[in-house]
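Here is the structure we will look at, set down as structure tokens.
Computed from a predicted model, the values in this text were never measured in an experiment. Note: hydrogens, waters and symmetry copies are ignored here, and every other heavy atom, side chains too, is used.
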Amino acid sequence: MRRRALPVALAVAAGAALAAAPAGSGATRTLTLEGWHDRALAFSGRTLVWTEAATVRVDPRRIRGAPPGAQRFDYYRADVSRARLDRASRRFAGPAETPVSVRTSIARMGSGTLAPTGDGGFVAVPSSSRLPPPTIWCCDDEGIEAVIDSDGRPGAPRTVAATWTGSAVRFVQLDAAGGQVVRLGDPGGGAVPPPAAAEPGAPDLVAVAGGGLRAWADPAQPARLLVARDGSGSPPAAIALPGPALRVWAAPGLVAVLSRAGARLAVTRIDAGAGPPSARRVWSGAALPAVAVGGGTLAIADGRRVLASRLGRAGARRVTTARRRVDAIGADGARLAWVERGRRKGLRVGVLRLARLG
């Protein structure tokens, strides 16, 4: 399987390791990442995966051999890295590698969507307000990724959510009119679009997960969430939210929504298993939290507080208090991971930590 070509302005390539473990060959409790960047985390089997989006500033005056008069410039990157975990998922079993790197000079990117495949692989879709992002699956037995979809033409459909079905990438795009189009892409072949869904959508307000789960908020009615099982023949269930939705996440059987509730923010948990979806507010606060879902667990990072909500429990309970602000979090059942801010020799770093719920 070969890597598919991308538009000239957007490139996907193999990358070098980003994270560094302390010197030595043993397992480590933390990994140190460069900078305080936008990140998303996910567990994929015995592997932790993360996307990191950042702006890179290049000053030719500091590069030996640069031509006279060369000007400083910026480019934008979204890298996906991963590190193996020990059997208990309490330590990192080795250094990180970066199998996928996306580069562009057009517009800034965000961490976007990161969906695990369960075997150490992932589906990644960087976000951008100006650039239709590529939909990337990683990786085959030779470590090569497949670009499931990439279209840089003006007005091209924009991927806003993606998941792995076990054999294909299922992803949602928004057409030029803002309507959702649900597509399937085989890493060994092309992406085949089924008939377009009639529902309107918006970036950050659509999420998909395994089992055909799709959740979205209509931009015209943002205080209502719709939850559907595509292919079931049943109409979507409507869930009232505390206020307008700002972001939606989904994992098999679970949806989380961040919404504005008056002058505060709220996170609503929607359990969407075999029965009718049930919703309850599990968190409220004044500052924007980091949120993740996986394995029936909804994890929230509120400043330095790390919280988790599990099936059948009333709200989100505090798991620990980090040393510094937590910028990103990941969850899978009893497993948690987060990135907290740190400093090393005066430089900003992210400290990647692991924990297990009792």
Side-chain angles (χ1 to χ4, degrees), residues 2-15 37-40 51-56 73-80 99-115 122-139 145-165 168-187 189-209 214-219 246-250:
R2 295 181 179 178
R3 190 179 298 120
R4 293 175 175 80
L6 285 170
V8 175
L10 188 67
V12 176
H37 300 310
D38 175 24
R39 296 183 172 100
T51 299
E52 176 180 289
T55 299
V56 181
F73 65 94
D74 294 347
Y75 71 88
Y76 311 100
R77 65 177 177 87
D79 299 332
V80 190
V100 168
S101 297
V102 182
R103 301 286 188 268
T104 183
S105 59
I106 296 177
R108 183 179 290 107
M109 293 182 289
S111 57
T113 296
L114 181 65
F122 55 84
V123 177
V125 186
S127 61
S128 174
S129 60
R130 294 177 52 197
L131 180 73
T135 303
I136 305 164
W137 169 86
C138 180
C139 289
E145 75 274 10
V147 179
I148 301 298
D149 181 85
S150 180
D151 190 343
R153 297 173 301 168
R158 179 187 301 267
T159 302
V160 294
T163 191
W164 178 246
T165 68
V169 177
R170 179 169 167 264
F171 58 110
V172 178
Q173 295 186 314
L174 301 181
D175 60 23
Q180 297 181 51
V181 182
V182 183
R183 302 179 65 184
L184 286 175
D186 182 352
V192 180
E199 300 91 359
D204 294 334
L205 300 186
V206 181
V208 290
R214 180 165 55 101
W216 71 96
D218 184 338
L246 302 175
R247 181 77 191 270
V248 181
W249 297 262

Where Gln180 and Val172 come nearest, the two heavy atoms and their spacing: OE1-CG1, 3.8 Å
Closest contact, heavy atoms only, Ile106 versus Tyr76: C-CE1, 4.2 Å
Side chain to side chain donor-acceptor pair (under 3.5 Å) involving Asp38 - partner list, sequence neighbours excluded: Ser111
Exercise: do Thr55 and Asp74 side chains pair donor with acceptor under 3.5 Å: no
Taking every non-hydrogen atom, the tightest pair across Pro187 and Ala168: CD-CA, 4.3 Å
Heavy-atom side-chain contact between Trp164 and Phe122 under 4.5 Å: no
Side chain to side chain, Thr104 and Leu131, heavy atoms closer than 4.5 Å: yes
Val125 vs Ile136 side-chain heavy atoms within contact, under 4.5 Å: no
Straight-line distance of Arg158 CZ to Ser129 OG, nearest 0.5 Å: 7.0 Å
Residue Arg170 excluded, over 12 heavy atoms near CZ under 6.0 Å: yes
Side chain proximity check, Asp79 to Arg103, heavy atoms < 4.5 angstrom: yes
Minimum-distance pair of heavy atoms, taken over all atoms of Trp216 and Glu199: CZ2-CG, 3.1 Å
Sub-4.5 Å side-chain heavy-atom contact between Val102 and Arg77: no
Side chain to side chain donor-acceptor pair (under 3.5 Å) assessment of Arg183 paired with Gln173: CA-CA 8 Å; Arg183 302 179 65 184; Gln173 295 186 314; 2.7 Å; yes
Smallest separation among heavy atoms of Ala107 and Ser128, with atom names: CB-OG, 3.9 Å
Residue pair Asp204, Val160: steps toward the side-chain contact (heavy atoms from CB on, under 4.5 Å) verdict: CA-CA 7 Å; Asp204 294 334; Val160 294; over 6 Å; no
Separation between CE of Met109 and OG1 of Thr51, rounded to the nearest 0.5 Å: 10.5 Å
side-chain hydrogen bond (donor to acceptor under 3.5 Å, both in side chains) partner of Thr135, chosen from Asp151, Thr159, Thr113: Thr159
Closest non-hydrogen atom pair, Gly185 against Phe171: N-CE2, 4.0 Å
